[in-house]
Amino acid sequence: QVQLVESGGGLVQAGGSLKLSCTVSGTIFGNRRMGWYRQAPGKQRELVAALTTGGTTDYYLDSVKGRFTISRDNAKNQVYLQMNSLKPEDTAVYYCNRHPVPWLGWGGGTLVTVSS
């Protein structure tokens with residue numbers, strides 16, 4: 001029974017920054033591959049960023065590349081998404097989950113709203 005709880009969202013002006021946090025419980029976190037997803041109104045959920053293994057560069061959606069950074073703290077069972085230079089197009093509900101194979105149960109997400 002995996003539980004995912006996202007936090008850190010809010011209202012921010014374009015150009016601002018936010019740091020999202022995801023706490024994973026109910027399973028051994030270890031070095032499980034994790035990612036951040038987002039879903040805007042009327043849009044399909046998409047992968048935003050994902051941690052990789054080995055020497056491979058972490059994955060980022062083209063539209064967020066250079067602005068977002070994904071990281072983790074295994075001791076705290078947490079995954080983070082640092083978001084800089086936010087744009088109105090980034091407005092969405094953000095979710096964390098395992099990647100590339102997500103757990104079936106998704107958390108409630110955290111809403112990020114970027115005003116112009």
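Just so you know, these numbers use all the heavy atoms, side chains as well, and skip hydrogens, waters and symmetry mates. It should be emphasised that the depicted structure is a prediction, and the values quoted were computed from it without experimental measurement.
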Yes or no on side chain to side chain contact (heavy atoms under 4.5 Å, CB included) for H99 and Y59, after CA distance, side-chain angles and deciding distance? CA-CA 11 Å; H99 177 79; Y59 167 83; 5.7 Å; no
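- For the atom pair SG of C96 and CH2 of W103, the computed distance is 8.5 Å after rounding to the nearest 0.5 Å.
- Closest approach of D58 to Y60, counting heavy atoms only: O-CD1, 3.5 Å.
- In this structure, CE on M83 lies 5.5 Å from OH on Y94, to the nearest 0.5 angstrom.
- Residues P100 and R33 approach most closely at CD-CD, 4.2 Å, considering heavy atoms.
- Summarising the geometry, atom CG belonging to L61 is positioned 5.0 Å from atom CD belonging to E46; distances are rounded to the nearest 0.5 Å.
- Hydrophobic clustering places L86 together with L111 (ILVMFWY residues linked when any side-chain heavy atoms are closer than 4.5 Å, directly or through intermediates).
- When all heavy atoms of N84 and S17 are compared, the pair lying nearest together is OD1-OG, 2.9 Å.
- Listed by first and then second residue, the salt bridge (charged side-chain N to carboxylate O under 4.0 Å, His left out) pairs involving residues 16-27 amount to none (not counting sequence neighbours).
- Rounding to the nearest 0.5 Å places CZ of R38 at 9.0 Å from OG1 of T91.
- Checked by atom type, the side-chain pair Q82/Y80 shows no donor-acceptor distance below 3.5 Å.
- In terms of heavy-atom proximity, G108 sits nearest to E6 at N-OE1, 3.6 Å.
- Considering every non-hydrogen atom in both T110 and G8, the closest pair reads OG1-N, 3.9 Å.
- In this structure, SG on C22 lies 4.5 Å from CE on M34, to the nearest 0.5 angstrom.
- In this structure, CD in E89 is found 10.0 Å from OG in S116, a value given to the nearest 0.5 Å.
- Checked against a 6.0 Å centroid threshold, the rings of W36 and F68 do not count as neighbours.
- With respect to K65 and D62, a salt bridge is recorded, a charged nitrogen being found less than 4.0 Å from a carboxylate O.
- Contact annotation: the side chain of P102 approaches that of Y37 to within less than 4.5 Å [non-hydrogen atoms, C-beta and beyond].
- The shortest distance between side-chain heavy atoms of R98 and V2 does not fall below 4.5 Å.
- Between A49 and L81, the shortest heavy-atom contact is CB-CD1, 4.1 Å.
- Between Q78 and T23, the side chains place a donor N or O and an acceptor N or O closer than 3.5 Å (distance only, hydrogens not considered).
- Under a hydrophobic clustering in which Ile, Leu, Val, Met, Phe, Trp and Tyr are joined whenever their side-chain heavy atoms come within less than 4.5 Å, directly or via other members, V5 and V93 fall into different clusters.
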